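Everything below concerns the one structure shown next.
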Amino acid sequence: MNRKIENGFLANYVLMFIISSMIGLFTFMILGFANDVISKTLVNNNYTAKSLMMDNYQDIDAKTVTDNGGGVQVINANYEVAYSAGLNTFSKDMLSTAEFTDFLMKSKSKGIAYNYSIEYNSNERFWLVVTFPTAIRIDLALVHNKDFPSVDTQGVVGVIVAVILFYIILLALSTIIYSKLTSISIVNPLRKLSNSARRLRDGDYSARVDLNLENEFGELQDIFNAMAQQIEQEISLRKQSEENRKQLVLDISHDLKNPLASIMGYAELFTNKPDLSREERSAYTKVIYDNSVRANNLITDLFELSKMESSDYAINKTRVDICEYLRVEIGTFILTFENVGFAYNFEVPENEIFLEVDLRQMDRVFQNLVANTVKYNSKGTSVLISLFEQDDDIVIIFKDNGIGIPTNIANDMFRPFVRVDGARNSQTGGTGLGLAIVEKIIVAHGGNINLITDEHCGCEFSITLPKI
Ligand code: ADP
């Protein structure tokens, strides 16, 4: 397995370990220097017992010491506190020899909260004790004395080397463990991501990643999942369109087969039966003609539809007052409706509403809708065509109260070759492409078309188109 990240982490931590050790050494040196600087600035080092000493202790200038928070005591040869000013750490006025010796010992130790400076005046035989509360204490120093017994050197050096080795081993171990721990947080999500990417590459489009992280990996996971979902959708769309294409070819062959079979059959009759009567001839010729028209219509519609589906299909839009346009169109439908005995009603506003419209294509939309209404509904059907504004759009309602379409297949009606079963006969002469073409034209205008219908409840097409 590739361990580049893991090794990279280890190398970085080892480097960090070396750098921090060097910084540690440097700090050690700096502290020694700081110790000197601090001790020079501390007030207790400026007022030592030695510097204040006077033979007559009454003359000792204790004021500067007490002003700086310290104290001055004089202990005479009988270990009595003969004089005291300011801070006093002696609990009694008279000490025993043992107590004073103890004090002298303790005053040198490091861990106490007071700084003592003690000086003995051998002329007058008294001790001068100057006390300051400890402000800060840094006692850090490496000391080496040449006179140290050489037999002990080996042991001491051995101990120091062992301590240093122990320190290095401990630090190296924790560096390795820590680098592993931190690399896990990177390597694990990466591994999960690459596993899912591999599954995706191998065709498993359901592959997703679940890292349960809020960081950048979480972001990467979301992007990956969104990408995988898009690929999955596109693949299923592609499969679907492949299915549709196959179905289309089947439908075309089926719908072309019937008229062509009739044409071939009747043409054969003509050839095999030269003694046909005039009436028979003209009836057969009509069948051949009608079927040729049907086949031709089918091919023309198919051509139109595939043109609309091609990527370079563009409509030729012009600025049109849709109310005026619809009124003129309606004028051409009236005769058709009257011929088949339909009632009609139109509601188009008087004002001007402008739209960008490809007139030739929009004519086709209304011709198809009118042709269908007339084709599939019987005498006495009522038709309503109305137009109204809705926000930035206009809506055109094209409604009849005829036989309608079962609701469950209403939405499929806009797909090529989808027809209500009973209508799949040669009488209606439809190609099953009319509504598919209508929808393509409306969508190319930036609009949409919906069908509300049910069996025996008529059809209501509502077309929405954007205003300028
Ligand atoms: P066709 O060439 O068959 O008319 P369309 O795509 O135009 O193809 O219509 C699809 C089917 O929808 C038709 O076959 C018909 O069954 C049904 N249809 C369309 N319009 C109406 C309508 N106004 N009333 C009843 N059925 C309709």
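Computed over heavy atoms, backbone and side chain alike; hydrogens, waters and symmetry mates excluded. The model shown is predicted, which means the values in this text are computed figures rather than measured ones. Remember, it's 1-based here, ligands and their atoms both numbered in the order they're listed.
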Legend entry - Validation row, ring centre Phe132 to ring centre Tyr114 under 6.0 Å: no
Inset, instruction - Answer yes if the ring centres of Phe346 and Tyr344 are under 6.0 angstrom apart, and no otherwise. - result: yes
Legend entry - Whether Asn291 side chain and Val287 backbone form a donor-acceptor pair below 3.5 Å: yes
Legend entry - Test item: Thr175 side-chain N/O and Tyr13 main-chain N/O as donor-acceptor pair under 3.5 Å: no
Legend entry - Arg360/Asp363 salt bridge by N-O under 4.0 Å criterion: no
Inset, instruction - Output the list of atoms in ligand 1 that are nearer than 4.0 Å to some heavy atom of Ile405, sorted by atom number. - result: 12 (O), 17 (C), 18 (N), 26 (N), 27 (C)
Inset, instruction - Could you check which of Asn372, Ile403, Ile409 puts a non-hydrogen atom nearest to atom 7 (O) of ligand 1? - result: Asn372
Inset, instruction - Look at ligand 1 and say whether Asn368 reaches it with a heavy atom at a distance under 4.0 Å. - result: no
Inset, instruction - Look at ligand 1 and say whether Gly432 reaches it with a heavy atom at a distance under 4.0 Å. - result: yes
Inset, instruction - Say whether Val418 and ligand 1 are in contact under the criterion: heavy-atom distance to a ligand atom below 4.0 Å. - result: yes
Inset, instruction - Compare Tyr376, Phe398, Phe414 and give the one whose heavy atom is closest to atom 25 (C) of ligand 1. - result: Tyr376
Inset, instruction - Looking only at distances, please establish whether an N/O atom of ligand 1 is found under 3.5 Å from an N/O atom of Met413. - result: no
Legend entry - ligand 1 contact on Asn377 by region, counting heavy-atom pairs under 4.0 Å: side chain
Inset, instruction - Kindly say whether Gly434 contributes a backbone atom to a donor-acceptor pair with the side chain of Asn368 at under 3.5 angstrom? - result: yes
Legend entry - Under-4.0 Å salt bridge between Glu304 and Arg364: yes
Legend entry - Atoms of ligand 1 close to Thr373 [distance to a heavy atom under 4.0 angstrom, numbered from 1]: 23 (N)
